[in-house]
Chemist: 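Below is the structure I would like to discuss, written out as structure tokens.
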Amino acid sequence: MGLRSSRWYAGDDRNSYIHRAWMRRGLPADAFDGERPHIAIANTASDLTPCNSHFGEIAESVKHGVWAAGGVPLNLPVVSLGETNVRPTAMLWRNLAAMATEEMLRANPIDGVVLLGGCDKTIPSLLMAAASVDLPAVVVPGGPMLTGTFRGVPLGCGTDVWRLSEEVRAGTLSREAFLESESSMIRSRGHCNTMGTASTMACMAEALGMTLPGTAGTPAADSRLLERSHETGRLAVDLVRRGLRPSQVMTRGSFLNAIVTLAAVGGSTNAVIHLLAIAGRLGVPLDLDDFDRTGAGVPLLADLQPAGRHLMDDLHRAGGLRAVLKEVEDLLDPAALTVTGRPLVEHLAGAAVHDEAVIRRRAEPVLPDAGIAVLRGNLAPDGAVIKPAAASPHLLRHRGRAVVFDSVEDLHARLDAPDLDVDETSVLVLRGCGPKGYPGMPEVGNLPLPAKLLAKGVRDMVRLSDARMSGTAYGTVVLHASPEAAAGGPLARVRTGDPIVLDVAARRLDVDVPDGELAAREPVLDGHARPLRGWERLYVDHVTQAHQGADLDFLLGSSGDAVGRDSH
């Protein structure tokens, strides 16, 4: 079978003439002879996505590799979502970015694609797109930034923002010192240097088999990332010639490997939603319970913020992701492939731990059981999640009185009020922040603590919401309660004063109110989104719930790469 791009370029009719003529612009004649695979570089570079702003340099290295392997590289800018700047939340547009990228990959004369992603939503959206169009594809993660320091102490971007800002509110750190640390936090190009969502999704891409093994976690400023990018360009050409597609790489075994990896590195809860969405595009059976069944007994080995102490460039020098996976190799599916055509486990040969303070041995883990816990009960019939590795052990079994906020705005207006009826045993409840309710499911689940409790030395409380939490955040935070309040979930019927019962060991989340009384209550829908037009209207009308990956219902499954009609 010939190259897909030849459907545009082969022949001597008017249409093939147009396709070739407009694409020449310096390309040699043999670029269109049907022998050279055309490789798109799906590039999420943007100055407004600062974590991805260095992708121009990475793309150049990929191009060199494509040319060296006999292919034709083609830069393809795609939708870029900057987590730190985009309002109301980047998650609102993850599905739009995936849909736009899918359509551009399908519509253009390309044979394969290299996916350049880094910041939180960019790798998930690119993998969702690649899964739906199913052209040969491979990911280059943009890499974490180098560690910054402030007054001689390493700073974890994101994690230390949450920590230091709470100390300001508690009165233990001056606002001047807090602002002084700002210029120290971001030391180099690259995404967050904690095991936040960006680092987590890079590790997920590698565990799924979609990167050149050994690439995830390579710092953005490290020249070896450019070397890996060059090698990936070569590999993309080889993928096309072998006909290896994402649907052959990302199998159920690959997703279970990703779940093991998620637990072993202490990864972000956001990965749950993204992996479910990617699996949904492939038609791979994966549900919320798989995260508990597969991840429950996996030890936390990477001692990284926010669950531990170190940062991503420490992980890289200590042996990287391959060294972590070598310690749990027996838990991985031995048949799950990578883009090399070989199983993931074969690429672990020779992996070694070089610093046991950063990567713990299996016998001496940070935590013996670090998987994402899936909770169910009358507050979350379809599930909620908590990350025990980032929580306070004494709060993992807790009963407390609900203090309810109907929206983020309500939270900000009342949280620090002196007369707020709250103590350290209370459970802070935030609703209206799910996929439909906000819309877009923002990262507000790690609610700040009331100022009067911070002043008393309280640094953690049980918090519950239908929102997400930044992968850089920490605390005893129950997230993704499903169905959300805006979709008629029981969270809409909770009232301040209701007893909330959390039992992580028993995987339970309940409100201690008779079911009949709870059902009879009028749901509170104040502050929920009601968009009239545009993407937000389409999103609210079609987004699925968190336990289904928060994708759009009409985007589930794959449409392949076929294009039925010509343009002229």
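The first residue in the sequence is number 1, and the count goes up from there.
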Chemist: Kindly indicate whether the side chain of P448, heavy atoms from C-beta on, has any atom under 4.5 Å from the side chain of L411.
Modeler: yes

Chemist: So do the side chains of V462 and L428 get within less than 4.5 Å of each other, counting heavy atoms only?
Modeler: no

Chemist: Nearest 0.5 Å, please: how far is CG in D551 from OG1 in T544?
Modeler: 6.0 Å

Chemist: Which residues satisfy the side chain to side chain contact (heavy atoms under 4.5 Å, CB included) test with E409, sequence neighbours excluded?
Modeler: S407

Chemist: Got a salt bridge between R493 and D498, using NZ or NE/NH1/NH2 to carboxylate O under 4.0 Å?
Modeler: no

Chemist: Does anything in residues 379-391 form a side chain to side chain donor-acceptor pair (under 3.5 Å)? List the pairs, not counting sequence neighbours.
Modeler: none

Chemist: Taking atom types as modelled, find out whether D313 and T147 have a side-chain donor-acceptor pair closer than 3.5 angstrom.
Modeler: yes

Chemist: For D47 and S53, test the side chains for any donor-to-acceptor distance below 3.5 angstrom and give the result as yes or no.
Modeler: no

Chemist: Kindly check if the number of other-residue, nucleotide or ligand heavy atoms within 6.0 Å of CD (E103) is above 12?
Modeler: yes

Chemist: For M145 and G190, work out which heavy atoms get closest and say how close.
Modeler: CE-O, 3.4 Å

Chemist: Is it true that R507 and D292 make a salt bridge, defined as a side-chain N closer than 4.0 Å to a carboxylate O?
Modeler: yes

Chemist: Among R508, R399, R376, R397, which residue satisfies the salt bridge (Lys or Arg N to Asp or Glu O under 4.0 Å) criterion with D503?
Modeler: R397

Chemist: Okay, side chain of T200, backbone of G267: is any donor-acceptor separation there less than 3.5 Å?
Modeler: no

Chemist: Atom CE in M99, atom CZ in F554: separation rounded to 0.5 Å?
Modeler: 5.0 Å

Chemist: Closest heavy-atom contact between N85 and P50?
Modeler: ND2-CD, 4.2 Å

Chemist: Are any non-hydrogen side-chain atoms of K436 and V543 less than 4.5 angstrom apart?
Modeler: yes

Chemist: Using the side-chain contact (heavy atoms from CB on, under 4.5 Å) rule, pick out the option among P435, C433, S465 that qualifies with M441.
Modeler: P435

Chemist: Less than 3.5 Å apart, any donor N or O on the side chain of D460 or T476 sitting next to an acceptor on the other?
Modeler: yes

Chemist: Donor-acceptor pair, distance only, cut-off 3.5 Å: does the side chain of D466 make one with the backbone of H480?
Modeler: no

Chemist: Which heavy atom of L288 sits nearest a heavy atom of V374, and at what distance?
Modeler: O-CG2, 3.5 Å

Chemist: Taking atom types as modelled, find out whether N270 and E443 have a side-chain donor-acceptor pair closer than 3.5 angstrom.
Modeler: yes

Chemist: Do side-chain atoms of W93 reach the backbone of W535 as a donor and acceptor pair under 3.5 angstrom?
Modeler: no

Chemist: Give, for atom CE of M201 and atom OG of S125, the distance between the pair rounded to the nearest 0.5 Å.
Modeler: 10.0 Å

Chemist: Any chance you could measure H191, atom NE2, to C51, atom SG, to the nearest 0.5 Å?
Modeler: 7.5 Å

Chemist: Does the E206 side chain pair with the main chain of A216, one donor and one acceptor, at a distance under 3.5 Å?
Modeler: yes

Chemist: If you look at every heavy atom in A277 and G549, which pair is closest and at what distance?
Modeler: CB-O, 3.6 Å

Chemist: Treating R431 as the side-chain partner and A485 as the backbone partner, does any N or O pair qualify as donor plus acceptor under 3.5 Å?
Modeler: no

Chemist: Could you tell me whether the side chain of L321 reaches within less than 4.5 Å of the side chain of V265, counting heavy atoms only?
Modeler: yes

Chemist: Can you name the nearest heavy-atom pair linking L262 to V272, along with the distance?
Modeler: CD2-CG2, 4.5 Å

Chemist: Tell me if a side-chain donor or acceptor on D406 pairs with a main-chain N or O of G432 at a distance below 3.5 Å.
Modeler: no

Chemist: Is it true that the side chains of R94 and H274 contain a donor and an acceptor less than 3.5 Å apart?
Modeler: yes

Chemist: Are L286 and R252 packed together at the side-chain level, in the sense that at least one heavy-atom pair is separated by less than 4.5 angstrom?
Modeler: yes

Chemist: Can a donor-acceptor pair be found between the side chains of S46 and S80 at a distance below 3.5 Å?
Modeler: no

Chemist: Minimum heavy-atom separation for L300 and P365, please, with both atom names.
Modeler: O-CB, 3.5 Å

Chemist: If only side-chain N and O atoms count, and only distance matters, is there a donor-acceptor pair under 3.5 Å linking S426 with R401?
Modeler: no

Chemist: State whether the number of non-hydrogen atoms from other residues, nucleotides or ligands found under 6.0 Å of E517 atom CD is greater than 12.
Modeler: yes

Chemist: Quick one: list whatever passes side chain to side chain contact (heavy atoms under 4.5 Å, CB included) with R414, sequence neighbours left out.
Modeler: F405, D410, L420

